[in-house]
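First listed ligand is number 1; within each ligand, the first listed atom is number 1.
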Amino acid sequence: MHTLWVREHNRIAAILKRLNPHWRPNQLYEETRRIVIAQVQHITYSEWLPIIIGPSLMNKLGINVLRNGYRNSYDPSVDPRIASEFSTAAFRFGHSLVQGIYRMISASGRQSTLILRNTFNAPGILQNNPEYVDGLVNALTLQNAQTLDSRITQELSNHLFETPSTRGFGMDLMSLNIQRGRDHAISTYNAMREVFGVGRARTFLDLKNTTPEELIIRIQGVYRSVDDIDLWIGGMTETSVPDGLLGPTFGNIVGRQFQVAQNGDRFFYDMGNQAGSFTPGKG
Ligand code: HEM
């Protein structure tokens with residue numbers, strides 16, 4: 001992804017340089033950077049977030065993309081910092097989407113297969129194969145992500161950071177996520193249910209409004225109390241909301257983070273009345 005955006009940066013910089021031959025390198029860089037940030041923000045809020053948390057939650061949070069005009073929601077008292085519950089649990093939902101095997105198609109049409117475990121700590125693959133980035137981007141665009149559910153590919157649950165010297169064994173990202181949540185002493189799943197109005201569960205059965213019964217039984221098999229459920233586990237076992245991929249608890253944690261990221265950022269690309277706001281001609 002980083003390579004993709006560096007290439008986009010260079011594409012825009014070339015256009016701006018043609019239009020503004022008098023600009024110094026620093027101005028060219030800063031103006032290009034601002035446009036690329038706007039592109040990332042626009043794609044994130046207009047195409048990606050609606051799929052992840054659903055348009056109705058976005059509406060409720062007031063973070064849907066405007067069809068025209070400016071957003072005037074900048075509030076200097078908003079704290080845009082990342083919540084631990086977001087980084088250490090909710091936003092890791094992406095681990096369930098990761099594919100284990102990629103069908104690479106290079107720019108010249110050459111096909112090959114990439115197995116995720118072979119890529120860990122192996123930057124040489126990229127260095128030695130000029131077709132690698134294009135092949136991977138094609139794979140990622142042509143191939144579906146895995147379903148968002150309570151499972152993740154074995155490449156991440158058994159073979160994470162595997163190298164030839166570890167002889168077929170790697171780490172388990174699910175366990176790392178659980179352990180990291182405990183290291184950071186983040187809120188429990190039940191506490192987060194209460195915060196976001198999903199309803200504090202008094203018994204395991206109370207999870208029925210969000211979680212399939214067969215998963216409740218499995219959860220009950222490993223936790224003594226409903227108050228012990230790790231946020232990562234509780235969030236990943238919730239059923240998706242009708243118009244999004246995440247369940248209500250993770251959806252709200254993710255939605256709220258993107259809400260403060262927008263309202264706490266006076267440079268957000270469609271924020272109006274700010275010194276750096278885009279003019280209509282640029283927007
Ligand atoms: C091949 C794909 C991926 C691999 C190998 C991977 C691996 C990892 C690893 C090893 C960690 C650190 C775990 C720890 O020790 O706590 C991590 C953290 C994290 N991952 Fe992933 N991940 C992948 C894809 C994703 C995706 C698709 C998302 C979200 C859409 C995601 C979101 C996160 C987040 C939010 C963190 C915590 C970052 C932080 O707090 O600094 N990851 N990932």
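Summarising the local packing, CZ of R218 is surrounded by 12 or fewer heavy atoms from other residues, nucleotides or ligands at distances under 6.0 Å. Within a 6.0 Å sphere centred on CG of N128, heavy atoms belonging to other residues, nucleotides or ligands number more than 12. By the neighbour-count criterion of 12 heavy atoms within 6.0 Å, atom CZ of R256 is sparsely surrounded, having that number or fewer from other residues, nucleotides or ligands.
Atom 32 (C) of ligand 1 has as its closest protein heavy atom F91 O, 3.5 Å. If you check which protein heavy atom lies closest to atom 9 (C) of ligand 1, you get L173 CD1, 3.5 Å. Closest to atom 40 (O) of ligand 1, if we only count protein heavy atoms, is S87 CB, 3.5 Å.
A cation-pi arrangement is not found for R92 relative to F250, the charged atom failing to lie both closer than 6.0 Å to the ring centre and inside a 45° cone about the ring normal.
Nearest to atom 6 (C) of ligand 1 by heavy-atom distance, out of Q99, R92, M1, H95, is H95.
Close approach of ligand 1 to R180 (heavy-atom distance below 4.0 Å) involves ligand atoms 14 (C), 15 (O), 16 (O). Atom numbering of ligand 1 starts at 1 in the shown order; those under 4.0 Å from a heavy atom of V98 are 1 (C), 2 (C), 24 (C). Using a 4.0 Å cut-off to heavy atoms of G94, the atoms of ligand 1 that qualify are 26 (C), 27 (C), 28 (C), 29 (C), 30 (C). Which parts of ligand 1 touch F120 is read off a 4.0 Å heavy-atom cut-off, strictly below it: atoms 5 (C).
Side-chain N or O atoms of R266 include none that pairs as donor or acceptor with a backbone N or O of G272 at under 3.5 Å. Under a 3.5 Å cut-off, the side chain of E85 and the backbone N or O of I186 do not form any donor-acceptor pair.
Under the 4.5 Å side-chain heavy-atom criterion for grouping Ile, Leu, Val, Met, Phe, Trp and Tyr, W5 is connected to L126 within one hydrophobic cluster.
Residue F161 places a heavy atom under 4.0 Å from ligand 1. Taking 4.0 Å as the cut-off, L156 counts as a neighbour of ligand 1 on heavy-atom distance.
Considering backbone and side-chain N/O of N177, none are found under 3.5 Å from N/O of ligand 1.
For the ring pair (Phe, Tyr, Trp, His ring centres under 6.0 Å) with F268, the lone residue among F258, Y74, Y45, Y70 that qualifies is Y45.
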